[in-house]
2 protein chains.
Amino acid sequence: MIAIGEAARASGVPVETIRYYERAGVVAKPRRTASGRRVYAPEDVAALRFIRRCRDLGFSLEDAVALRGLARDPKGACDAAGRVAGQHRAKVRDKIADLQRLDAALSELVANCDRGQHDCPMLHQLMAGPDPRAKG
Amino acid sequence: MIAIGEAARASGVPVETIRYYERAGVVAKPRRTASGRRVYAPEDVAALRFIRRCRDLGFSLEDAVALRGLARDPKGACDAAGRVAGQHRAKVRDKIADLQRLDAALSELVANCDRGQHDCPMLHQLMAGPDPRAKG
DNA sequence: GTTGCTTCTGTAGCCACTACAGGTTGCAGG
DNA sequence: CCTGCAACCTGTAGTGGCTACAGAAGCAAC
């Protein structure tokens, strides 16, 4: 039974974020002392740590809550968890691909730059580049 | 001299976003008709298109505004623009690296999953994984 | 004149926090 | 017992870059 500051240290979740999680319904409301201070049991700390690990892996809070639910459920949780993680990984890979396209486009633009030219080819490209329809 | 809807079509920036850009000081306030409707000149549309291309390349609005300023300035703009773009590309690459680490971690976790096991190794890992100090 | 599209202002919501302001509690030292 | 200070409390506003309304008004065509 520890205070919020110690729970923060033990879970790796900042104090303000713990309170935010409580407000947002991500974790259960902990008990309080007579004076109104939050008091955390070991399982509350475990929940916070679980959420933090999910967040470190890029899962949304919604996914994190779902995974936490699955972790309690002994039946068929592995399949479901695998599906959640698989979908998340697919999104991560999509984003990597997007960023790699961005990197390539930026590299092409920057390549002809920074040589002190009169007319900047990058700025020219930005002014006259792809038309609105070709957005992708 | 066109209305906002046509400016949106011509620039590829949605109407609501154009108004948001105006509020946020990203683009200059356009003239108005007697009844208060916004009226856009070709150079206003060009500015919107410029901002949109910057956004498509992942630049922040702040960078987009800076680049637009440089595009007007004939002196030394290329160097400065190259620096802005170079820094942005570095951030993009950092993010790619982050996401690739995420992808690897997720792949490892998912690998032993989705086989209908009794105890899900991924959920176990999330419950007992890296401690709060080893956050990176 | 009336239908229906466009435009107007203003505000709230998204995500996941983060950072206050302004007050209370708890504990240690003197 | 008093002082001082850290930790805690609630509530609210801000971040970025939109997006989505509500409710009113203008404008063109039939």
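Order of the sequence lines sets the chain letters (A, B, ...), proteins ahead of strands, with each chain counted from 1.
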Near DNA chain C, which residues from residues 25-37 of chain B have a heavy atom under 4.0 Å away?
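Only B:Arg32, B:Gly36, B:Arg37 qualify.
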Contact residues, residues 58-65 of chain A to DNA chain C [heavy atom, < 4.0 Å]:
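Heavy-atom cutoff 4.0 Å gives A:Ser60, A:Leu61.
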Give a yes or no answer on whether the side chain of [X] reaches the backbone of [Y] with a donor-acceptor pair at less than 3.5 Å.
| X | Y | answer |
| --- | --- | --- |
| B:Arg52 | B:Ser11 | yes |
| B:His88 | A:Leu106 | no |
| B:Arg93 | B:Ala97 | no |
| A:Thr17 | A:Val13 | no |
| B:Arg49 | B:Ala10 | yes |

side-chain hydrogen bond (donor to acceptor under 3.5 Å, both in side chains) against [X], all qualifying residues, sequence neighbours excluded:
| X | result |
| --- | --- |
| B:Glu22 | B:Arg38 |
| B:Asp98 | B:Arg101 |
| B:Arg89 | A:Ser107 |

With [X] via side-chain contact (heavy atoms from CB on, under 4.5 Å) - residues at least two apart:
| X | answer |
| --- | --- |
| B:Glu108 | none |
| A:Gln100 | A:Ile96, B:Ile96, B:Gln100 |
| A:Ala41 | A:Met1, A:Glu43, A:Asp44 |
| A:Tyr20 | A:Arg23, A:Ala24, A:Leu61 |

Start at the 5' end of DNA chain C and walk down; is the nucleotide closest to A:Tyr21 or to B:Glu6 reached first?
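Its nearest nucleotide being more 5', the pick is B:Glu6.
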B:Glu16 or B:Tyr20, whichever maps to the more 5' nucleotide of DNA chain D
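It is B:Tyr20, whose closest nucleotide lies nearer the 5' terminus.
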I'd like the 5' and 3' limits of the part of DNA chain C contacted by chain A, with heavy-atom contacts below 4.0 Å.
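First and last nucleotides in contact are C:dA16 to C:dG26.
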Could you give the side-chain donor-acceptor pairs of residues 27-35 of chain A under 3.5 Å, partners two or more places apart or in another chain?
{"from": "A:Arg32", "atom 1": "NH1", "to": "A:Gly36", "atom 2": "O", "distance (Å)": "2.7"}
{"from": "A:Thr33", "atom 1": "OG1", "to": "A:Ser35", "atom 2": "N", "distance (Å)": "3.4"}
{"from": "A:Thr33", "atom 1": "OG1", "to": "A:Ser35", "atom 2": "OG", "distance (Å)": "3.2"}
{"from": "A:Thr33", "atom 1": "OG1", "to": "A:Gly36", "atom 2": "N", "distance (Å)": "3.4"}
{"from": "A:Thr33", "atom 1": "OG1", "to": "A:Arg37", "atom 2": "N", "distance (Å)": "3.1"}

What contact category does B:Arg19 fall into here, base, sugar-phosphate, or nothing, at under 4.0 angstrom with non-hydrogen atoms?
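It contacts base atoms.
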Taking any heavy-atom pair under 4.0 Å as a contact, classify B:Ala24: base, sugar-phosphate, or nothing.
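B:Ala24: no heavy atom of the nucleic acid under 4.0 Å.
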Opening and closing nucleotides of DNA chain D in contact with chain A, under 4.0 Å to non-hydrogen atoms:
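Range of nucleotides within reach of chain A: D:dA7 to D:dT10.
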